[in-house]
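The shown structure was predicted, so the numbers you read here are calculated from the model rather than taken from an experiment.
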Amino acid sequence: MFFEELKIIEPILKAIKDEGYTTATPIQEQAIPVILEGKDLEGFAQTGTGKTAAFAIPILQLLHKKKETERKNINIKALVLAPTRELAIQIEESFSAYGKYTGIKNTAIFGGVSQKAQVERLKAGIDVLVATPGRLLDLVQQKYINLQHIEFLVLDEADRMLDMGLGHDVKRIIAKLPKNRQTMLFSATMPKEISKLIESILLNPIKVEVTPVSSTIDTIRQSVYLVEKRNKRHLLTHLLKDKSIESVLVFSRTKHNANKIAGDLVKAGIQAQAIHGNKSQNSRQLALSNFKEKKIRVLVATDIAARGIDVEKLSHVINFDLPEVPETYVHRIGRTGRAGAEGMAISFCDEEEKDLLKHIEKTISKSITVIKEHPYTANNLEVSIKSSDILKNKGAEKNRNTRKNDTNRKDNKSNYFRKNKKKA
């Protein structure tokens, strides 16, 4: 569907075209009309499907309409909560891009840096505030921010906020907001905690779910290399000798290992940097900027640091370590194959990670192609269970239960006749 068909106003349409977009993604197509109608919304879609534009565009349009009648009002009207600094910056950039012809002012605040510049922007007056929960509560306490005029609230990547232990801060923030507001919650997964949050803060929400939760995009080609743990770094270096791999986001399970991987690559003559929670904000932004500008080929990241990274035409994602939570695998590989483009997701699997691979395949209901021909093949490592096997096992289990029930019924029937025969 073209954006014109969604009744987007001309200033925003012009900005969207400047960004090179003409048609809406499924989540945008379904969410934008709901938000423009003033209804609460719960949106579920995997990463890389255009969730940010799905709420930024309609909020900008509604605020633009209000601006025309309330030009002197400089109170913050829209609040977007994000779990990480990187995601907050990305969202703020989207509001700036889509709203550049509307006169709507926005800014992002987050921890890890001096608050001075952020406070100055707040004092100048803004309409949209994108914030991480901790820094927001800090500035509210210092009375730099007044939340009493908020009309639009967005919780983006709500599942990640809860995973990071930010649920208490989110609830404290919501308690400070006006009850009469429009609320939008976006998430990639649907744990029980999200259901409880939806029930407590949304009013008769419209549910939008464009893809099954924990599914992967078809345009991403997935493969797995069976390799001994000690050979993973050698395999990574071997793969990156292929110059056609222009940009790679490598995932590590730990911060320490992220540093080690990046260091090993640099020693091998491959330009790489690491990004994780122990890095300073300036260091993280520099690494991300270098990656986006193609100054380095490889960015090594932990899951929390990588959430919100949006790099155009990212060709490859490599899971150096498999994640312990299957849904995290979906988030990781969703960094590539964005906006309909093709992408490649490569995973390394050692002996200790076999069960993790099985759970991932079961969650995404797909078998991941095993690459057997490479210099560091672990011949003694069993191939992961395939999706077809999972379905067969489910069917076999069902048949076993059916046979068991039939046997029990036959036994009960036999016992019945034996008892009645004795009575006779």
Side-chain angles (χ1 to χ4, degrees), residues 46 48 214-253 257-258 260-262 264-265 268-270 272 297-301 303 306 311 313-338 341-393:
Q46 60 208 43
S214 300
S215 67
T216 54
I217 300 171
D218 291 335
T219 56
I220 301 174
R221 290 180 290 165
Q222 302 173 58
S223 60
V224 60
Y225 287 72
L226 306 180
V227 58
E228 292 182 13
K229 190 172 186 177
R230 61 188 175 87
N231 285 329
K232 281 187 175 183
R233 60 192 182 94
H234 299 302
L235 177 58
L236 180 61
T237 303
H238 169 74
L239 292 177
L240 292 178
K241 287 179 181 178
D242 182 355
K243 299 298 183 182
S244 67
I245 301 177
E246 296 180 357
S247 57
V248 191
L249 181 58
V250 177
F251 281 97
S252 165
R253 196 178 298 135
N257 203 33
K260 191 173 186 306
I261 294 167
D264 287 340
L265 290 175
I270 299 169
R297 277 179 72 201
V298 185
L299 185 66
V300 187
D303 290 304
V311 180
K313 298 179 181 179
L314 176 64
S315 63
H316 287 69
V317 165
I318 296 180
N319 292 303
F320 189 92
D321 301 310
L322 285 178
E324 295 177 347
V325 179
E327 287 80 9
T328 300
Y329 174 84
V330 179
H331 295 309
R332 286 183 178 186
I333 73 171
R335 299 296 99 202
T336 185
R338 299 171 80 87
E342 291 188 353
M344 178 73 77
I346 297 171
S347 299
F348 296 168
C349 177
D350 62 38
E351 181 68 31
E352 296 176 357
E353 297 174 313
K354 286 191 302 181
D355 288 340
L356 298 180
L357 182 56
K358 292 178 183 178
H359 290 311
I360 288 169
E361 289 188 320
K362 186 174 181 180
T363 299
I364 66 175
S365 299
K366 287 182 180 179
S367 60
I368 301 175
T369 303
V370 176
I371 306 299
K372 297 180 180 179
E373 299 298 325
H374 65 87
Y376 304 99
T377 302
N379 295 320
N380 61 332
L381 183 58
E382 291 182 13
V383 177
S384 164
I385 188 170
K386 301 301 179 187
S387 300
S388 57
D389 295 330
I390 294 168
L391 297 175
K392 287 178 184 177
N393 289 340

From T369 atom OG1 to Q222 atom CD, the distance as rounded to the nearest 0.5 Å: 8.5 Å

To the nearest 0.5 Å, what is the distance between CD1 (I261) and NZ (K232)? 8.5 Å

Locate the shortest heavy-atom distance separating I245 from L240; write the atom from each residue and the value. CG2-CD2, 4.3 Å

Between T377 and L226, does the side chain to side chain contact (heavy atoms under 4.5 Å, CB included) criterion hold? Intermediate values first, please. CA-CA 6 Å; T377 302; L226 306 180; 5.7 Å; no

Least distance between heavy atoms, V248 atom then L314 atom: N-CD1, 4.1 Å

Minimum heavy-atom separation for H316 and T336, please, with both atom names. N-OG1, 4.2 Å

Please evaluate residues K354 and E351 with respect to the criterion salt bridge (Lys or Arg N to Asp or Glu O under 4.0 Å), reporting the C-alpha separation (whole Å), side-chain torsions for both, the decisive distance (0.1 Å), and the verdict. CA-CA 6 Å; K354 286 191 302 181; E351 181 68 31; 3.1 Å; yes

Using salt bridge (charged side-chain N to carboxylate O under 4.0 Å, His left out) as the criterion, list what pairs up with R253, not counting sequence neighbours. E353

Within the structure provided, determine whether I364 and V330 are in side-chain contact (heavy-atom separation under 4.5 Å). yes

Can you check side chain to side chain contact (heavy atoms under 4.5 Å, CB included) on I368 and L357, steps first, answer last? CA-CA 9 Å; I368 301 175; L357 182 56; 4.0 Å; yes

Smallest heavy-atom separation, Y329 atom then S347 atom, equals CE1-OG, 3.5 Å

Would you compute the distance between atom CZ of R335 and atom CD1 of I220 and round it to the nearest 0.5 angstrom? 9.5 Å

Pairs meeting criterion salt bridge (charged side-chain N to carboxylate O under 4.0 Å, His left out) with involvement of residues 239-249, two or more places apart: none

For the pair H234 and Y376, name the ring-plane relationship: parallel under 30°, tilted 30 to 60°, perpendicular over 60°. parallel

As a quick check of understanding, evaluate side chain to side chain contact (heavy atoms under 4.5 Å, CB included) for L236 and F348, giving each step before the final call. CA-CA 9 Å; L236 180 61; F348 296 168; 3.9 Å; yes

Distance col, row L322:CG vs I360:CD1, nearest 0.5 angstrom, shows 4.5 Å

Validation row: H238, Y225 side chains within 4.5 angstrom (heavy atoms): no

Please report the shortest heavy-atom distance between A272 and A262, naming the atom on each side. CB-O, 4.2 Å

Rounding to 0.5 Å, atoms CD1 (I333) and CG (N319) come to a distance of 8.0 Å

Taking only residues two or more places apart in sequence, or in another chain, which ones meet S252 in a side chain to side chain donor-acceptor pair (under 3.5 Å)? none

Out of curiosity, N257 CG to F320 CZ, how far, rounded to the nearest 0.5 Å? 5.5 Å

